[in-house]
Amino acid sequence: MTDGLGEEPPADRESPVGEPVIRGDESITGDYADQAKAFDPDDPESVAEAAKTVQAFAEGSGGAEDSVYMLRGAAACAALVRGIGSYKGAAEEAGGETTVAFIRKWARVHDLPRSIRRHVALGQIAPTAAKHVARVGGDARYQLAWAILDNSLTVRDVRSIVSEINDGTSAERALHNHGVTPGEMTLSLPPGVYRELRREAALADEEPEIVIARALERELE
């Protein structure tokens, strides 16, 4: 699966750690891109800086409601865990109000696929919702993230759906239980494309969505 930024790592990625792939993209974060900070878990000085960043993040100081700030905090959490070697050790290194649960939650956000984190940085998926998306694995992460975009799911909705998935319900069924039809979205097409789509569908005696799906499958392959 790609997201316009090249080949994307699997949904359950483990690297790179602390790299500002999204935060450093000027087309996404604008002026923030020049300030994007990479955290290197193999560099003691960088790990120490990550610890300070995590402590400030845990204590809610400075930009706590800002999506890019939260992604930076998530990157710091991930790098600190890798650098120290455990969640408990990372929490102790950060100190202050930092807890194991806090670091685990935000490190998982950093391990979300790049295409999902892009929408977090753009403010289209709330960081608090992203924390819950990160609680599920594999393709369920994509299904849930895209459902948020296309159905305006609240954080409470997302939390409930994730709980159902983790209790053994399939992602599709959990979404259906909350009024979401996976794969359903509204598209606006240029008039000429719309005209030809309708013509092609009529000649093939098919619904337009079948023609669109077939064309997209060829394109995305």
Enumerate donor-acceptor pairs with a distance under 3.5 Å from any side-chain N or O in residues 124-136 to protein atoms, sequence neighbours excluded.
from: Gln124; atom 1: OE1; to: His119; atom 2: ND1; distance (Å): 2.5
from: His132; atom 1: ND1; to: Arg135; atom 2: NH1; distance (Å): 3.0

If you look only at pairs with a residue in residues 85-102, which of them pass as a salt bridge (charged side-chain N to carboxylate O under 4.0 Å, His left out), with sequence neighbours excluded? none
Looking at Ala74 and Phe57, what are the two nearest heavy atoms and their distance? N-CE2, 4.0 Å
Please round to the nearest 0.5 Å and tell me the distance separating atom CG of Leu71 and atom CZ of Arg118. 12.5 Å
Any salt bridge linking Asp167 with Arg173? Criterion: basic side-chain nitrogen under 4.0 Å from a carboxylate oxygen. no
If I compare all heavy atoms of Arg104 with all of Tyr87, which pair ends up nearest, and what's the gap? CA-CE2, 3.5 Å
Output all residues satisfying salt bridge (Lys or Arg N to Asp or Glu O under 4.0 Å) with Arg199, sequence neighbours left out; order by chain, then residue number. Glu196
So CD1 of Ile103 and OG of Ser86: to nearest 0.5 Å the spacing works out to 9.0 Å
Those residues at least two apart in sequence (or on a different chain) that pass side-chain hydrogen bond (donor to acceptor under 3.5 Å, both in side chains) with Ser160 are His178
Rounded to the nearest 0.5 Å, what separation is found between the CZ atom of Phe102 and the SG atom of Cys77? 5.0 Å
Residue pair Ala94 / Leu80: nearest heavy atoms and the distance that separates them: CB-CD2, 4.0 Å
Salt bridge (charged side-chain N to carboxylate O under 4.0 Å, His left out) contacts touching residues 175-189 (sequence neighbours left out): none
Can you name the side-chain hydrogen bond (donor to acceptor under 3.5 Å, both in side chains) partners of Thr154, sequence neighbours left out? Asp157
Pairwise side-chain contact, Asn151 with Leu175, heavy-atom cut-off 4.5 Å (strictly under): no
Just to verify, what does Arg159 make a salt bridge (Lys or Arg N to Asp or Glu O under 4.0 Å) with, not counting sequence neighbours? none
What is the distance from atom CG of Leu153 to atom CG of Leu144, rounded to the nearest 0.5 Å? 7.0 Å
side-chain contact (heavy atoms from CB on, under 4.5 Å) partners of Arg195, counting only residues at least two apart: none
Which distance, rounded to the nearest 0.5 Å, do you find between the CG of Leu112 and the CZ of Arg141? 5.0 Å
Contact between Thr181 and His176 at the side-chain level, heavy atoms closer than 4.5 Å - yes or no? yes
What donor-acceptor contacts under 3.5 angstrom involve side-chain atoms of residues 203-213, with partners at least two apart or in another chain?
from: Glu206; atom 1: OE1; to: Arg214; atom 2: NH1; distance (Å): 3.3
from: Glu206; atom 1: OE1; to: Arg214; atom 2: NH2; distance (Å): 2.9
from: Glu206; atom 1: OE2; to: Arg214; atom 2: NH1; distance (Å): 3.3

Taking only residues two or more places apart in sequence or in another chain, which ones pass salt bridge (Lys or Arg N to Asp or Glu O under 4.0 Å) with Glu49? Lys37
Answer with yes or no whether the hydrophobic clustering places Val180 together with Val155; edges join I, L, V, M, F, W, Y residues whose side-chain heavy atoms lie under 4.5 Å apart. no
Any residue meeting side-chain hydrogen bond (donor to acceptor under 3.5 Å, both in side chains) with Asp150, in chain and number order, not counting sequence neighbours: none
